[in-house]
Amino acid sequence: MKGILFAFLAGTFITLQGVANARISQDIGSWQAATITQLTGFIAALLIVLIVKDKKWKQFKQVRPIYLTGGSFAAVVIYGNIYGIHSIGVTLTIAVILISQLSITFLIDGKGWFGVMKKEMKLPQFIGIAMMIAGVVILKF
Amino acid sequence: MLLGLFFAVIAGLLVGLQNIFNTRVNDHAGTWSTTALVLGLGFLASMTLGLVFEGTELFALHNMKTWFWFSGLIGVGVVVCLVQGTKLLGPTFAISIVLTSQLGSALLWDSAGWFGLEKIPFTAQQLAGVLVIIGGVIVFKFGGVSKEKREVRKVKTHMKQQTAGR
């Protein structure tokens with residue numbers, strides 16, 4: 001039950017984050033919103049690293065450099081999220097992001113790219129994606 | 001509208017890719033060091049692109065409100081809840097709930113129009129759309145998994161039968 005609550009809150013927070021960024025961007029601009037929320041989030045995470053005396057950042061050098069760059073994608077992700085929410089609404093934006101996110105994950109899993117353990121692409125995943133797209137069509141048209 | 005869809009697709013592709021990259025970092029460096037790195041790089045990248053597109057206007061925060069400084073903390077809440085949820089439920093179940101709750105709260109937000117975002121009236125058609133998407137998420141996440149487990153169980157039972165009494 002506690003796990004369900006955490007997962008439920010995580011999803012709510014992800015949506016809230018997008019909505020808050022969209023709202024902030026109305027006043028100070030999209031890049032400003034992305035910059036400020038990432039900066040304050042970074043400071044908070046850094047404080048937590050210091051408080052819990054997490055020394056694991058020393059392991060960064062064991063990770064292939066390309067994987068360390070993932071965080072930088074967030075600039076475009078947040079910009080796209082804000083643009084989407086303003087132009088097509090929260091629900092449609094989140095739905096399209098989910099489909100595109102699950103599709104790329106599915107493709108990477110299927111091909112075994114980036115050292116991911118290769119999983120066989122199965123019919124249920126194709127049906128799932130088709131259902132999600134059908135849902136978007138129902139939602140909008 | 002088309003540009004909005006386009007940006008949402010790009011954002012989704014990058015989120016998917018980022019999740020995979022971040023997991024690789026997380027395997028070595030743990031949750032908090034990874035989170036700090038990810039948000040730090042996100043900040044640098046946002047500032048760089050902001051400077052490219054808007055120059056020093058980026059720093060002219062005319063209508064700044066106090067709470068804007070704290071919105072970044074939501075991201076920390078996301079990480080805590082994701083980690084705990086995944087630990088307690090396993091990734092498949094946890095992520096299915098996360099995605100469902102994301103969509104549900106999005107629909108709620110659109111229909112309430114809180115925060116002065118444009119209100120999109122709630123309709124039965126919208127609810128139907130969201131429910132079909134959630135159904136798709138469940139099929140995507142759980143489809144084929146139970147069958148795999150059943151196969152494994154079959155093999156295990158078979159092995160037990162073969163080895164029993166020897």
Side-chain angles (χ1 to χ4, degrees), chain A residues 3 6-15 17 20 23-24 27-28 31 34-35 37-42 44-46 48-49 54 56-57 59 62-63 67 70-75 77 80 83-84 87-91 93-94 96-97 100-101 104-105 122 124-125 128 131-132 135 138-139, chain B residues 4 7-16 18 21-22 24-25 28-30 32-33 35-36 38-43 45-47 49-50 61 63 68 71-72 74-78 81-82 84-85 88-89 94 97-98 101-102 105-107 109-110 115 120 129 132-133 136 139-140 143-144:
Chain A
F6 274 121
F8 175 79
L9 281 177
T12 313
F13 284 158
I14 293 173
T15 298
Q17 211 173 18
R23 174 63 189 80
I24 294 172
D27 278 349
I28 60 172
W31 295 113
T35 305
T37 47
Q38 302 271 301
L39 175 64
T40 51
F42 167 65
L46 199 62
I48 294 172
V49 167
D54 182 358
K56 284 199 196 144
W57 51 266
Q59 309 290 320
Q62 297 191 8
V63 183
Y67 297 137
S72 61
F73 301 169
V77 170
Y83 194 99
S87 87
I88 56 177
V90 189
T91 313
T93 301
I94 299 268
V96 172
I97 288 180
S100 148
Q101 176 190 342
I104 187 82
T105 313
K122 292 207 183 80
Q125 278 70 45
M131 278 175 74
M132 287 184 256
I138 296 173
L139 198 64
Chain B
F7 271 120
V9 169
I10 298 291
L13 291 179
L14 288 174
V15 171
Q18 194 191 31
F21 284 19
N22 292 351
R24 289 273 167 284
V25 182
H28 291 279
W32 289 113
S33 291
T35 306
V38 167
L39 291 171
L41 280 178
F43 158 67
S46 304
M47 194 168 69
L49 287 180
L61 305 172
N63 298 306
F68 293 177
S71 68
I74 304 172
V76 174
V78 171
C81 292
L82 270 182
Q84 290 301 320
L88 290 165
L89 302 173
I97 295 176
V98 172
S101 132
Q102 246 177 289
S105 48
L107 187 59
W109 212 282
D110 268 338
F115 269 8
I120 300 174
V132 172
I133 298 172
V139 172
F140 183 93

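In what follows, chains carry the letters A, B, and so on, assigned in the order in which the sequence lines appear, proteins first and then strands, with residues in each chain numbered from 1. Computed from a prediction, not measured in an experiment: that's the story for all the values here.
For the pair Ala45(A) and Leu39(B), the tightest heavy-atom approach, listed with the atom from each and the gap, is CB-CD1, 4.3 Å. The nearest pair of heavy atoms linking Gln38(A) to Ser46(B) is CG-OG, 4.1 Å. Residues Ser33(B) and Asp54(A) share a closest heavy-atom pair of OG-OD2, 3.0 Å. When all heavy atoms of Phe6(A) and Cys81(B) are compared, the pair lying nearest together is O-CB, 3.3 Å. Scanning all heavy atoms of the two residues, the minimum distance from Ala7(A) to Ala94(B) falls at CB-O, 3.8 Å. Contact detail for Val98(B) and Ala10(A): the closest heavy-atom pair is CG2-CB, 4.1 Å.
A donor-acceptor contact shorter than 3.5 Å links the side chain of Gln18(B) to the backbone of Gly70(A). Between the side chain of Arg24(B) and the backbone N or O of Tyr67(A), no donor-acceptor pair lies under 3.5 Å. Of the possible donor and acceptor atoms, one in the side chain of Ser101(B) sits under 3.5 Å from a partner among the backbone N and O of Thr12(A). A distance-only check finds a donor-acceptor pair linking the side chain of Thr15(A) to the backbone of Gln102(B) [under 3.5 Å].
A 4.5 Å side-chain heavy-atom check between Thr91(A) and Ile120(B) finds every atom pair outside the cut-off.
Contact count versus chain A (heavy atoms, under 4.5 Å) is highest, among Gly72(B), Gly85(B), Gly75(B), for Gly72(B). Contact tally against chain B (heavy-atom pairs below 4.5 Å) for Ile97(A), Val96(A), Leu46(A): the top residue is Ile97(A). Interface summary for chain B: among Ala75(A), Ala74(A), Gly135(A), the most heavy-atom pairs under 4.5 angstrom belong to Gly135(A). The most heavy-atom pairs under 4.5 Å with chain A, out of Ile10(B), Thr35(B), Leu13(B), Asn22(B), come from Leu13(B). For the set Leu88(B), Leu41(B), Leu61(B), Leu82(B), the count of heavy-atom pairs under 4.5 angstrom toward chain A peaks at Leu41(B). In terms of heavy-atom pairs under 4.5 Å with chain B, the best-connected choice from Thr37(A), Leu9(A), Thr93(A) is Thr37(A). Chosen from Gly128(A), Ser100(A), Gly3(A), the residue pairing most often with chain B at heavy-atom distances under 4.5 Å is Ser100(A). Between chain A and the options Gly42(B), Gly16(B), Gly50(B), heavy-atom pairs under 4.5 Å are most frequent for Gly42(B).
Atom CD1 of Ile94(A) sits about 7.0 Å away from atom OG of Ser105(B), to the nearest 0.5 Å. How far CZ of Arg23(A) is from OG of Ser71(B): 11.5 Å, rounded to the nearest 0.5 Å. In this structure, CZ on Phe13(A) lies 8.0 Å from CD1 on Ile74(B), to the nearest 0.5 angstrom. With rounding to the nearest 0.5 Å, the separation of CD1 in Ile48(A) from CH2 in Trp32(B) is 4.0 Å. From Thr35(A), atom OG1 reaches atom CG of Leu49(B) across 8.5 Å, with rounding to the nearest 0.5 Å.
Interface remark: Ile24(A) contributes backbone and side-chain atoms alike to the contact with chain B (heavy atom separation under 4.5 Å). Only the side chain of Leu89(B) comes within contact range of chain A, judged by heavy atoms closer than 4.5 Å. Only the side chain of Ile28(A) comes within less than 4.5 Å of a heavy atom in chain B; its backbone stays farther off. With a 4.5 angstrom heavy-atom cutoff, Val78(B) touches chain A via backbone and side-chain atoms both.
Every residue two or more places apart in sequence or in another chain was checked for a ring pair (Phe, Tyr, Trp, His ring centres under 6.0 Å) with Phe43(B), and none qualifies.
More than 12 heavy atoms of other shown residues, nucleotides or ligands fall within 6.0 angstrom of atom CZ in Phe68(B).
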